[in-house]
Amino acid sequence: MIARDRNWLLIFAVCVALAIVYPLFADGYQLTVIRDALIFGLFAASLDFFWGRTGILCFGHAAFFGIGGYIMALVTLNDAIPFASLLGIMGAVAGAAFVAAIIGYFLFFGGIRGSYFTIVTLAMGVICQQAAVSWSSVTGGDSGLIGIPPIEFDLGGLHVDLSQDLPSYIFVSAIVAVAVLALWSISRGRWGTVLTAIQDNEVRAAALGHNAPLRLLVTFVLSAAIAGLAGALYVCMAGLVAPDLSGLLLSTEVIVWVAVGGRGTLLGPVLGAIFIQRAQQTISSFNPSLWPLLLGCVFVIIVFVLPDGILSIYARLKSLFKGRRRAQ
Amino acid sequence: MLRTIAVSAGYGLLPVLNGIDLSVAPGEVVGLLGRNGAGKTTLLRVIAGGLPASGGAVVLGDQDLTNAPAFRRARAGIAHVPQGRGIFNQLTVRQNLEVGTRAAKDRGDGGIPDDIFGYFPILREREAQVAGTLSGGQQQMLAIGRALCGLPSVLLLDEPSEGIQPNIVQSIAELVPRIARERGIAIVLVEQNLDLVLKASDRCLVMEKGRIVHEGAPEAFADETLLKDLLAL
């Protein structure tokens, strides 16, 4: 195992340990704050899985988060559907994946890459948000849908009811941990190696027998499916879904979370999402108009000072001290 | 057996190849000579699927690959080592070789063939090194080794001596015919370095303005008048 993988697993283990002991020190409200931040962290990890490995930026990733959220809301609000929570989650994941497969097929096999891909996906996000506003008979229009019940299901004799703070925190933490670990395993294996090769030189990868558009498409679909899962979890925890959840602002915020946390690290974006949201809540509580200004400044500073995100601070400090020692 | 039958191609409205007939047998090295702009690199790109043919056919064995995308041609057995080598700089030497094994997945065991390291021992020594930090010569060896990981039946080499120190050019000149013989690969070698191409090839073709204008054994090119006529040397 190479040192980079070992460090990643170490940081992952520390994060899991912190997540386990956190309920001992936190009250119900604090638990729900971290729980929601973790869901957005999962959303950020889903974007990073695609952007971090392929180098192609999706600027409308909130569309998949919103699609997942709306499907979950529509399924769970319909009393006629049995096993609504489980079916809702499956529908949210499948719905987001389906939309990504359709859009991704035309983009990847049509040779759309780089900034053109970014612009098209930006438009996709705007269209999704507009559809959520305009199709009010289904989506509830501007005000969205409210009264979405918490997740509740039976699995092999075990009754899972997430209406309370602690069970919902544990459930979300476990899903985020498993999903991030799974995405990391995929990224560091052969799949990730080929994606890096495609990012480096797609023509060459194809000349070595790799169906690059198909591989990019599958990665995009998987990334969208995880974003859909995050959307489904979020609306059940929040109890409502609104057009903002598929909007441009959220698509932009998730890019900032990934950039701040460290693109290509999967764990960094989760931490970035938690860190930025906590900061937002704290700063907005004494001056709401200060936050956008500070966020912009933090983003610019991170891009210049820590282009690999906050997760790279340790490595940078280490190399700094090494350099000093060598100089002495 | 690789064959191109009356292949034509170009960039936009500009025709570059005008009916190229070429056939290369297993184990044979065919050297492709010609002045700059004669269409040598374009011909390799058309065979490898990097550029569509506007006419004619590209046939490997009994498979017509004229309209197949590049990745299907690679899986059918055509490997292309382009000018500039196309190494994946961020990956290690081993990862580069692993990426190269995909073309052979349906025909081999999907692993890196051991004899690659026999041809290029330096790749074994540098296995864990990031490929972007290798020297030009080492990158060229990696590019050829990576192409061989796909267990190709055809190997297209475009200017393997470009920007490489003389002793490595010498070893490439020795390795190319050896690889062709030992592995039964049909090799097309495009090269500006006349010594290399005459030493490595079994047969030489000269291209001019998108056509093959002369064919002969390497020994025939020792004639300076002929060289002057064909290549303006």
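Below, chain A is the first sequence line, B the second, and so on; all start at residue 1.
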Please look at A:Ala212 and chain B and tell me whether the side chain, the backbone, both or neither of the residue comes under 4.5 angstrom of a heavy atom of that chain. neither
With a cut-off of 6.0 Å (strictly less than), are more than 12 heavy atoms of other residues, nucleotides or ligands near CZ of A:Phe304? no
Among B:Gly49, B:Ala74, B:Gly100, which residue has the highest count of heavy-atom pairs closer than 4.5 Å to chain A? B:Ala74
Largest heavy-atom contact set with chain A, pairs under 4.5 Å, which of B:Pro152, B:Pro82, B:Ala147: B:Pro82
B:Arg102 backbone acceptor or donor facing A:His210 side chain under 3.5 Å: no
Does atom CZ (A:Phe12) have a neighbourhood of more than 12 heavy atoms from anything else shown, all under 6.0 Å? yes
Would you find more than 12 non-hydrogen atoms of other residues, nucleotides or ligands less than 6.0 Å from A:Phe275 atom CZ? no
Take a 6.0 Å sphere around OH of A:Tyr116 and say whether it holds more than 12 heavy atoms from other residues, nucleotides or ligands. no
Give the member of B:Arg72, B:Arg73, B:Gln90 that has the highest number of heavy-atom pairs under 4.5 Å with chain A. B:Gln90
Any donor and acceptor pair, going by atom type alone, linking the side chain of A:Arg190 with main-chain N or O of B:Glu98 inside 3.5 Å? yes
Count the heavy atoms of every other residue, nucleotide or ligand shown that sit under 6.0 Å from CG of A:Asn7, and state whether that count exceeds 12. yes
Where on B:Arg85 is there a heavy atom nearer than 4.5 Å to chain A: the side chain, the backbone, both, or neither? backbone
Counting only heavy atoms not in B:Leu13 (residues, nucleotides, ligands), do more than 12 fall under 6.0 Å from its CG? no
If you count heavy-atom pairs within less than 4.5 Å of chain B, which of A:Thr196, A:Asn211, A:Val203 leads? A:Asn211
If you take all heavy atoms of A:Asn201 and B:Gly86, which pair is closest and at what distance? ND2-CA, 4.1 Å
Looking only at non-hydrogen atoms, find the nearest pair between A:Asp200 and B:Ile87 and report the distance. OD2-O, 4.3 Å
Over 12 non-hydrogen atoms of neighbours within 6.0 angstrom of CZ in B:Arg3: no
